[in-house]
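A short write-up of the structure that comes next.
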Amino acid sequence: MRIGIVGLGSSHIDHFIRFFGPAGALSARGSITALGLMNTPYADSFPHGPQERIEDLLAGQDRPVPFFYGTPDVVAHAMVPHVDVVIVGDRDSRSHADHALPFVSHGLPVFVDKPLAANESQAVALLDARRIGSHQPPAIQSFSALRYHPRTQCARERIQASARSGPPATATVSGPYTHSSPYGSDFYAVHAVEVGLALLLGPLESVTVMSRDTSGMTARLTTTHQGELQQVFVQILETDPDAYLAHTIQLQDEQPQRLDLGPDYLRPAMTQWLDSMDDHCAALTDQELLAPVTVLDALLGRARDRAPSGDCDPYQAH
């Protein structure tokens, strides 16, 4: 499989290059065959030019990898002959829909590094564009690596076990965000949101913002499982961008469990994406792709409008 990457600033790109490099853990399943940067307002940029970054990324490659720069349409048109799938890896979600759309229009499967888009309307427009004029719409996937973290999977299994003899266990997920991040508040906040959604045993039914102040925000996510209400609370905490705050999962009144990250923490997510293309079965449905953006809209959208602390804002998922 020939893989193209657009957006080169994120540390995730280093992982992708390593996984799909000549000696990489996923090299048997694909290789990087093109790189690109877009000249849009929210695209990854390099004040002194991208050449040094490109040379660093490609130092271990065993063959030339072309690089393309320009508008999304120009880059997509140039990259299409070189790739079978594309990873949109720009850090700022405000660029994601614009950068993914031309590749979708060319019929290529696209993985959008979290989150799918900057708001629900952009996400819906991207998914709708995929369907226009296509009998076999190209796959679009997007998710946080923490959705497939072993502790996330273990917590979900324990919640499923609890639901066999009563209501599903309540969970609380905590994680950092930085309101002043140059890449948008959702750059970090999406991780806790996706973990919370992964713990729901059914589709997201409602989001209620329980609190919002300068220290962070809390939302309640709900679904119904076998006639019982399930609740997952997501706390995102304002964090110094130079500090490290681990994500945690807490079931009922137990001690929180840290989601520590190893050097290959992105590999399960990439494997999930590759498997979904091999099986022609999306890892996440359209409804599941939209859910993180819906929750982020609830948590962060009104925060940007400086809503008063303590407002309780219900959002119905659809």
Side-chain angles (χ1 to χ4, degrees), residues 7 9-13 40-44 87-101 110-127 140-147 149 152 173-198 204 207-221 232-241 243-247 259 261 266 269 284 287-307 313 315 317:
S10 169
S11 62
H12 289 182
I13 307 304
T40 59
Y42 299 111
D44 286 348
I87 297 172
V88 174
D90 294 270
R91 289 169 289 191
D92 196 317
S93 67
R94 289 170 290 187
S95 70
H96 288 176
D98 286 343
H99 292 185
L101 184 57
V110 177
F111 179 84
V112 182
D113 202 3
K114 53 76 189 169
L116 178 63
N119 55 55
E120 190 172 355
S121 62
Q122 288 184 9
V124 169
L126 178 59
L127 294 175
I140 298 176
Q141 290 291 280
S142 178
F143 38 75
S144 162
L146 295 191
R147 181 182 281 269
H149 191 285
T152 304
V173 178
S174 297
Y177 92 114
T178 303
H179 187 269
S180 59
S181 169
Y183 314 119
S185 305
D186 56 5
F187 183 66
Y188 288 118
V190 64
H191 292 299
V193 168
E194 288 227 25
V195 172
L197 289 166
L204 176 68
V207 187
T208 302
V209 179
M210 308 298 294
S211 64
R212 181 188 291 121
D213 57 34
T214 57
S215 66
M217 309 169 198
T218 300
R220 181 180 65 212
L221 317 183
V232 174
F233 293 89
V234 175
Q235 299 175 331
I236 55 172
L237 308 172
E238 179 71 37
T239 305
D240 186 311
Y244 176 74
L245 179 66
H247 290 80
L259 277 64
L261 303 180
L266 277 168
L284 299 183
Q287 185 179 22
E288 290 169 325
L289 287 171
L290 289 174
V293 185
T294 299
V295 176
L296 287 166
D297 278 355
L299 276 169
L300 300 175
R302 291 178 184 254
R304 293 189 185 113
D305 294 335
R306 297 182 183 176
D313 304 320
Y315 289 73

- Message: For A192 versus V173, what's the shortest heavy-atom pair and its separation?
- Response: O-CG1, 3.6 Å
- Message: For L127 and L289: C-alpha separation, side-chain torsions, deciding distance, then whether side chain to side chain contact (heavy atoms under 4.5 Å, CB included) applies.
- Response: CA-CA 9 Å; L127 294 175; L289 287 171; 4.1 Å; yes
- Message: Can you tell me how far apart CG (L261) and NE2 (H149) are? Round to the nearest 0.5 Å.
- Response: 5.5 Å
- Message: If you count every heavy atom of other residues, nucleotides or ligands that lies below 6.0 Å from Y188 atom OH, does the total exceed 12?
- Response: no
- Message: Any heavy-atom pair between the side chains of L284 and F143 that's under 4.5 Å?
- Response: yes
- Task: Report yes or no: does S95 contribute a side-chain atom to a donor-acceptor pair with the main-chain N or O of A43 at less than 3.5 Å?
- Result: no
- Message: H247 vs L146, test: side chain to side chain contact (heavy atoms under 4.5 Å, CB included). Steps then yes/no.
- Response: CA-CA 9 Å; H247 290 80; L146 295 191; 3.5 Å; yes
- Note on the structure: Between the OG1 atom in T239 and the CG atom in L245, the distance rounded to the nearest 0.5 Å is 4.5 Å
- Mind checking the CG-CG spacing from L221 to L197? Nearest 0.5 Å is all I need. 5.5 Å
- Note on the structure: When rounded to the nearest 0.5 Å, the distance separating CZ of F233 from CE of M210 is 6.0 Å
- Heavy atoms of R147 and E288 approach each other most closely as NH2-O, 4.5 Å
- Note on the structure: In short, S142 meets D113 closest at the heavy-atom pair OG-C, 4.2 Å
- Task: For Y177 and V190, run side chain to side chain contact (heavy atoms under 4.5 Å, CB included): C-alpha distance rounded to whole Å, both residues' side-chain angles, the deciding distance at 0.1 Å, then the answer.
- Result: CA-CA 9 Å; Y177 92 114; V190 64; over 6 Å; no
- Between T152 and A198, what is the shortest heavy-atom contact and its length? CG2-CB, 3.9 Å
- Query: Strictly by modelled atom types, are D90 and H99 linked by a side-chain donor-acceptor pair under 3.5 Å?
  - Reply: yes
- Message: When you compare the side chain of T218 with that of V209, does any pair of heavy atoms fall below 4.5 Å?
- Response: no
- Task: Determine whether Q122 and L116 make a side-chain contact, defined as any pair of heavy atoms from C-beta on separated by less than 4.5 Å.
- Result: no
- V293 versus V124: any side-chain heavy-atom pair under 4.5 Å? no
- Query: So which heavy atom on A298 is nearest to which on V207, and how close?
  - Reply: CB-CG1, 3.9 Å
- Message: We want to know whether S144 and E194 form a side-chain donor-acceptor pair, criterion being a heavy-atom distance below 3.5 angstrom.
- Response: no
- Smallest separation among heavy atoms of M217 and L299, with atom names: SD-O, 2.8 Å
- Look at the side chain of D98 and the backbone N and O of T40, then say whether any donor-acceptor pair between them is shorter than 3.5 Å. no
- Query: Would Y183 and Y42 count as a close aromatic pair, with their ring centres under 6.0 Å?
  - Reply: no
- Task: Side-chain contact test, heavy atoms from C-beta onward, threshold under 4.5 Å: evaluate it for P292 versus V193 and give yes or no.
- Result: yes
- Message: Rounded to the nearest 0.5 Å, what separates atom CZ in R91 from atom NE2 in H12?
- Response: 11.0 Å
- CG of N119 to CG of L300, rounded to nearest 0.5 Å, is 11.5 Å
- Message: Would S93 and D186 count as a side-chain hydrogen bond (donor to acceptor under 3.5 Å, both in side chains) here? Give the steps.
- Response: CA-CA 8 Å; S93 67; D186 56 5; 2.7 Å; yes
- Message: Between Q235 and G175 (side chain of the first, backbone of the second, donor and acceptor by atom type, cut-off under 3.5 Å), is there such a pair?
- Response: no
